[in-house]
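A quick write-up on the structure given underneath.
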Amino acid sequence: RDVESEADAFAARAMVNLGRSPAPMGELLIRITGTGKGTILDSHPVSSERLEALKRYVPTREGPPLLTDREWKALTEICVGQK
């Protein structure tokens, strides 16, 4: 778990350097595993604790858009009907 926490911190610093919040990564983990134990990630830190740790990393600037408007439109069209 300590190694995974260090990996989370590394990823969080990388995201902040790109002008992005790492909190969505923690939110995704909560969606996948829930907030408790008994998941495929038992060897990892508890997801709710990971989310709280990731929320402490706040970018000082906003990075450029990850997708152009055209790319975003194409992505959303791919996802239509995939629910």
Side-chain angles (χ1 to χ4, degrees):
R1 289 187 175 187
D2 290 340
V3 172
E4 287 295 331
S5 293
E6 290 174 25
D8 286 352
F10 175 84
R13 289 189 302 272
M15 292 296 292
V16 166
N17 287 338
L18 292 170
R20 302 279 182 242
S21 170
M25 180 174 74
E27 293 165 359
L28 175 64
L29 291 168
I30 295 289
R31 290 182 70 182
I32 293 169
T33 67
T35 57
K37 293 187 176 186
T39 72
I40 61 172
L41 299 176
D42 280 348
S43 63
H44 293 60
V46 176
S47 294
S48 58
E49 294 170 4
R50 293 173 90 175
L51 173 58
E52 291 309 309
L54 291 167
K55 283 181 178 178
R56 290 193 286 271
Y57 290 88
V58 179
T60 57
R61 63 176 175 76
E62 185 175 326
L66 297 175
L67 300 172
T68 64
D69 289 341
R70 182 178 172 191
E71 292 167 331
W72 180 250
K73 184 176 186 295
L75 178 61
T76 56
E77 287 174 358
I78 290 168
C79 295
V80 171
Q82 299 294 318
K83 296 179 183 180

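Since we're looking at a predicted model, the values are computed, not measured.
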Residue pairs, two or more places apart or on separate chains, that pass salt bridge (charged side-chain N to carboxylate O under 4.0 Å, His left out) and touch residues 70-79: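 Of all non-adjacent pairs touching residues 70-79, those that pass salt bridge (charged side-chain N to carboxylate O under 4.0 Å, His left out) are Lys73-Glu77.
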What residues form a side chain to side chain contact (heavy atoms under 4.5 Å, CB included) with [X], not counting sequence neighbours?
{"X": "Thr60", "answer": "none"}
{"X": "Leu18", "answer": "Arg20"}
{"X": "Glu52", "answer": "Lys55"}
{"X": "Ala9", "answer": "Arg13, Tyr57"}

Residues which pass salt bridge (Lys or Arg N to Asp or Glu O under 4.0 Å) with Glu6, listed by chain and number, not counting sequence neighbours: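 Not a single residue meets the salt bridge (Lys or Arg N to Asp or Glu O under 4.0 Å) criterion with Glu6.
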Residues that Glu27 engages under salt bridge (Lys or Arg N to Asp or Glu O under 4.0 Å), provided they are two or more places apart: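 Counting only residues at least two positions away or on another chain, Glu27 forms no salt bridge (Lys or Arg N to Asp or Glu O under 4.0 Å).
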Gap separating the CE atom of Met15 from the CG atom of Asp8, nearest 0.5 angstrom: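 It comes to 12.5 Å.
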Distance, nearest 0.5 Å, that separates OG of Ser5 from CD of Glu49: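 Between Ser5 OG and Glu49 CD, I get 8.5 Å after rounding to 0.5 Å.
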Side-chain hydrophobic cluster, 4.5 Å single linkage: members besides Met25: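 Members other than Met25 - counting any ILVMFWY side chain reachable under 4.5 Å - are Leu54.
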Set of residues satisfying side chain to side chain donor-acceptor pair (under 3.5 Å) with respect to Thr76, sequence neighbours excluded: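 Thr76: no side chain to side chain donor-acceptor pair (under 3.5 Å) contacts found.
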Within-4.5 Å side-chain heavy-atom neighbours: Cys79 and Leu75: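 The answer is yes; the side chains approach within 4.5 Å.
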Side-chain heavy atoms of Val16 within contact of Val58, under 4.5 Å: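 Not touching, per the 4.5 Å side-chain cut-off.
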